Structures are given as structure tokens and as C-alpha cells.
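Hydrogens, waters and symmetry mates are skipped; everything else that's a heavy atom, side chains included, is used. Just so it is clear, the model here is predicted, and its values are computed rather than measured. When a residue number appears, it is its place in the shown sequence, counting from 1.
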Amino acid sequence: MNEFLSFGVDINLWLQKFSPTLDLPFKAITFCGEELFFLIFLPLIYWSISRSAGARLLILFLFSAWINSFAKVIAGDKRPYQYDSRVRAIQQAGGGGFPSGHTQGSVVVWGYFATAMKKKWLWIFAVIMMILVPLSRLYLGVHDLPDLIGGYITGFVLLVLYVWLEPIAERWLYGKSLAFLLATAIIIPVVMIAVSPGLDQDCITAASTLMGMSVGFVLERKFVGFSSDGTVPMRVLRYILGIAVIIGLWIGLKMAFKGLEPALAFRFARYLLIGLWGSFAAPWVFVKLKLADAEPGGI
């Protein structure tokens, strides 16, 4: 095992020979695995490309994020620059190292998006992202090879299970009452929060966003029936409007809740509201402003 870890660090050290020349490109690539990137990118799919694929992908991504945060706390793994002084932290990162969240997120997001859209070029792009984003983490010194392997395995397992089980779950939920669907959308995230080790804030973030999104998806199908189709100007305008509010909530609520206790309760409220806006309130506004058509139907 020590030889394996040493080999992993050797890769970090070899890649960092190209620093600072490649610092900026790799920081740009690693951004594609950050919270802010997904906050900007995933709503684009739901609002302006494919509502059904976007809704499913958001659920998968948030559950994957919770799994990753849970695993990091349990593993308690150090990052390479924390146990080997030869490795430089070109970019800082919080929390544990194993498994790599950027690697896991790249696998589930790009893998599912390519699977759902069934485009050959998108699969090629997905594979490129699954390689480059994890590679950037090695270069920046925030992950070693075992971290990446853990992220790849966890991501692929979740992706395969989700693609297999999601249609089964959808058929089971079809025709259920509004009360049952809302209860399911609330209870599952509550359980996720309850079992989160030490009430980890990243676990709370993922679970609370999932609750907001899931409740919103149920309400949207019942009362809005939003369609992601439409002209290019319609798609662009609703994305600009929707993402402006999301960024406003993300930044504004962070500032408004700063220093307030209990901090986790306010974090829960912040991400719950972001989830509700993205999945329900934004589509409702789009339809009211004639930026989207209403076509009732199941997720």
C-alpha cells in the first residue's frame, strides 16, 4: 500500500514540474468540477435543453454529492500536500481527500448527460472531461491517485445503478398522490441529514438542495407543466433570468445569514430555497412571462 501511495505522489510531483506554466489552464479545468460550475451548468440543462434529463441529472448529482461528502468524513483521508511536503498545494481545498469529489462528479454528470442525450460527440466530450478534471486535481496537488480511483469507482457504480433503477422508481411513483410524492421528496433528504456523520455541512448542503429540488419537481409537474422546448431566444432569456436569481440567492443569502446561529439551519434554508427556485418557482415565472410553454406531464 505504501508503494502505491508513493507511486501516486510521484505522479503529482511529475505533473507539477510544468508549474507555473500550466497553472491557469488546470485551474480553469478544475473549475468544471466546482460547486459554482454545477450551480450554473445544471439549471441550463433543466430550463433550456431537456427538462426531463435535467431533473433526473440534478437528483443524481445531489445524491452523488451527499455520498461523496459522507465518504470523505468517514475516510478522514489527508490530501497529498498534507502528508508529503514535496507536493505543493497550487490551489487550496477543504475537507478530506478520499474519494475525489471532482472525479466522482465528472463521471456522474457527464456520464449521465451523454447517456440521456444519446449523442456520440457528447460521449467523446464526456470522456475528455472524465480525464481532464481528475488530472487537474493531481496537478494542483489536492488529490493523489488513490483519491481519483475512489472517485472513479464510486461515480461509475452510482451512474450504473441510477440508470438501472431510475426507470423502476419512476414507474413505482407514477400515479401516486400529491401528498405521497411530497412526503417522499421530504422524508428521503431528512433521513440523509439525520445519518450524516457529525452533521457535516457538505452533507447538509446536498440534502437540503435535494429536498428543495425534489419538492419543486413535484409541484412543477402538478401546477406548472413547464416545457424546456422553445425558440433559441426563449431558451436564452429564461436561462439568463433564472441563473441571475440563483446567483443572487447563493450570494445574497450567504451574506444575509453570515454569523447567524445555528449556522447549519441557515445553510439548510439557503440551499432549500435555491432548490425550490430552480425546480419550481423559475419554471412558473417562465410560463407566466411567456418564455416557456406549459405542457403538463410526468417527469
**Q** Mind checking whether Tyr112 and Val163 have side chains closer than 4.5 Å, heavy atoms only?
**A** yes

**Q** I need the Arg238 CZ to Leu44 CG distance, nearest 0.5 Å.
**A**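 It comes to 10.0 Å.
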
**Q** Could you check whether any side-chain N or O of Tyr162 sits under 3.5 Å from a backbone N or O of Ile59, counting only pairs where one atom can act as donor and the other as acceptor?
**A** no

**Q** Let me confirm one number: the CG-NZ distance from Leu253 to Lys258, rounded to the nearest 0.5 Å.
**A**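 That separation rounds to 14.5 Å.
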
**Q** Can you tell me how far CG of Leu140 sits from CG of Asn12, rounded to the nearest 0.5 angstrom?
**A**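 CG of Leu140 is found 10.0 Å from CG of Asn12.
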
**Q** Please check if the side chain of Tyr152 supplies one atom and the backbone of Met130 the other of a donor-acceptor pair under 3.5 Å.
**A** yes

**Q** For residues 63-81, which residue pairs pass the side-chain hydrogen bond (donor to acceptor under 3.5 Å, both in side chains) check, not counting sequence neighbours?
**A** Ser64-Gln104, Trp66-Ser196, Asn68-Gln104, Arg79-His143

**Q** When you measure from the side chain of Glu295 to the backbone of Gly225, do you find a donor-acceptor pair of N or O atoms at a distance under 3.5 Å?
**A**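 Such a contact is absent between Glu295 side chain and Gly225 backbone.
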
**Q** Checking Arg267 against Thr205: is there a side-chain donor and acceptor pair closer than 3.5 Å?
**A**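 Yes, a side-chain donor-acceptor pair sits under 3.5 Å.
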
**Q** If you measure from CD1 on Ile29 to CE on Met129, what distance do you get to the nearest 0.5 Å?
**A**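 Those atoms lie 7.5 Å apart.
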
**Q** For atom CH2 of Trp123, is the number of surrounding heavy atoms from other residues, nucleotides or ligands below 6.0 Å larger than 12?
**A** yes

**Q** Flag the pair Thr103 / Asp147 as yes when at least one side-chain heavy-atom distance between them is below 4.5 Å, and no otherwise.
**A**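 Side chain of Thr103 against side chain of Asp147, heavy atoms only: no contact under 4.5 Å found.
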
**Q** Under a 4.5 Å cut-off applied to non-hydrogen side-chain atoms, are Leu291 and Val285 in contact?
**A** no

**Q** Is the shortest heavy-atom distance from the side chain of Arg270 to the side chain of Trp250 under 4.5 Å?
**A** yes

**Q** Search all heavy atoms of Leu199 against all heavy atoms of Ile204 and return the closest pair with its distance.
**A** O-CG1, 4.0 Å

**Q** For this output row, return yes or no: ring centroids of Phe113 and Phe125 closer than 6.0 angstrom.
**A** no

**Q** Is Val232 reachable from Trp47 through a run of I, L, V, M, F, W or Y residues, each pair having side-chain heavy atoms under 4.5 Å apart?
**A**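 Different clusters.
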
**Q** Does Val73 share a hydrophobic cluster with Phe70, counting links as ILVMFWY side-chain heavy atoms below 4.5 Å and allowing steps through other members?
**A**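 Looking at the clustering, Phe70 is in a separate group from Val73.
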
**Q** Between Ser100 and Leu148, is there a donor-acceptor pair closer than 3.5 Å when you use the side chain of the first and the backbone of the second?
**A**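 Judged by distance alone, no pair lies under 3.5 Å.
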
**Q** Transitive ILVMFWY cluster of Met234 at side-chain heavy atoms under 4.5 Å: who else is in it?
**A**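 Hydrophobic cluster check, Met234: no partners found.
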
**Q** Go through it in stages, so that I can follow the logic: the residues are Glu166 and Leu161, the test is side-chain contact (heavy atoms from CB on, under 4.5 Å), and I'd like the CA-CA distance, side-chain angles, deciding distance and then a yes or no.
**A** CA-CA 8 Å; Glu166 186 274 330; Leu161 287 176; over 6 Å; no

**Q** Taking the side chain as C-beta and beyond, is there a heavy-atom pair between Phe180 and Leu173 under 4.5 Å?
**A**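 Result yes, sub-4.5 Å side-chain heavy-atom pair found.
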
**Q** So do Val236 and Tyr239 actually touch side chain to side chain, heavy atoms under 4.5 Å?
**A** no

**Q** Provide the closest heavy-atom pair for Trp164 versus Pro167 in the form atom of the first, atom of the second, distance.
**A** O-CD, 3.5 Å

**Q** Look up atom CH2 in Trp277 and atom CZ in Phe280, then write down how far apart they are to the nearest 0.5 Å.
**A**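 Spacing of CH2 (Trp277) from CZ (Phe280) equals 11.0 Å.
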
**Q** Please report the closest heavy-atom contact between Leu145 and Leu138, naming both atoms and the distance.
**A** N-CD2, 3.8 Å

**Q** So does Phe217 get a backbone contact from the side chain of Arg221, meaning a donor-acceptor N/O pair under 3.5 Å?
**A**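 Not confirmed, Arg221 side chain does not pair with Phe217 backbone.
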
**Q** Just how far is it from atom CG of Leu210 to atom CG of Leu58, taken to the nearest 0.5 Å?
**A** 9.5 Å

**Q** Look at atom NZ of Lys27 and say whether more than 12 heavy atoms of other residues, nucleotides or ligands are closer to it than 6.0 Å.
**A**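 It does: Lys27 NZ has more than 12 such atoms within range.
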
**Q** Let me see the working for Ile40 and Ile246 under side-chain contact (heavy atoms from CB on, under 4.5 Å), right down to the final yes or no.
**A** CA-CA 8 Å; Ile40 294 171; Ile246 278 190; over 6 Å; no

**Q** Does the pair Leu60 and Leu159 meet the rule for a side-chain contact (heavy atoms from CB on, under 4.5 Å), with working shown?
**A** CA-CA 8 Å; Leu60 170 59; Leu159 178 61; 4.3 Å; yes

**Q** What orientation do Trp110 and Phe37 show, parallel under 30°, tilted 30 to 60°, or perpendicular over 60°?
**A**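 Trp110 and Phe37: tilted rings.
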
**Q** To check you understand the geometry: which heavy-atom pair defines the closest contact between Ser228 and Ser50, and what is its length?
**A**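 Shortest heavy-atom separation between Ser228 and Ser50 comes out as OG-CA, 3.4 Å.
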
**Q** Ring-plane angle category for Phe226 and Phe286, please: parallel below 30°, perpendicular beyond 60°, tilted otherwise.
**A**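 Rings of Phe226 and Phe286: tilted, 30 to 60°.
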
**Q** Taking the side chain as everything from C-beta on, heavy atoms only, tell me whether Ser214 gets closer than 4.5 Å to Ile188.
**A**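 SC-SC contact between Ser214 and Ile188 ruled out.
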
**Q** Closest approach of Ser279 and Pro283, non-hydrogen atoms and distance?
**A**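 Residues Ser279 and Pro283, closest heavy atoms: O-CG, 3.4 Å.
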
**Q** Can any side-chain N or O of Arg86 pair as donor or acceptor with the backbone N or O of Asp10 at less than 3.5 Å?
**A** no

**Q** Would you please test Leu241 and Leu289 for side-chain contact (heavy atoms from CB on, under 4.5 Å) and show each step?
**A** CA-CA 11 Å; Leu241 171 60; Leu289 294 179; 3.8 Å; yes

**Q** Would you find more than 12 non-hydrogen atoms of other residues, nucleotides or ligands less than 6.0 Å from Lys176 atom NZ?
**A**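 Yes - once you tally the heavy atoms of other residues, nucleotides and ligands closer than 6.0 Å, there are more than 12.
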
**Q** Hey, does Phe26 have a side-chain heavy atom less than 4.5 Å from the side chain of Ser19?
**A** no

**Q** Any chain of hydrophobic side-chain contacts (each under 4.5 Å) joining Ile149 to Val160?
**A**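 In one cluster: no.
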
**Q** Would you say Ile274 and Phe41 are hydrophobically clustered, going by side-chain heavy atoms of ILVMFWY under 4.5 Å?
**A** yes

**Q** If you take all heavy atoms of Phe98 and Ala75, which pair is closest and at what distance?
**A**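 Taking every non-hydrogen atom into account, O-CB, 3.7 Å.
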
**Q** Ser136 pairs by side-chain contact (heavy atoms from CB on, under 4.5 Å) with which of Ile90, Thr30, Val142?
**A**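 Of all the options given, the one that passes is Thr30.
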
**Q** Quick check on the hydrophobic clustering: are Ile243 and Phe31 connected, directly or via other members, by side-chain heavy-atom contacts under 4.5 Å?
**A**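 They do share one cluster, since a chain of ILVMFWY contacts under 4.5 Å joins Ile243 to Phe31.
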
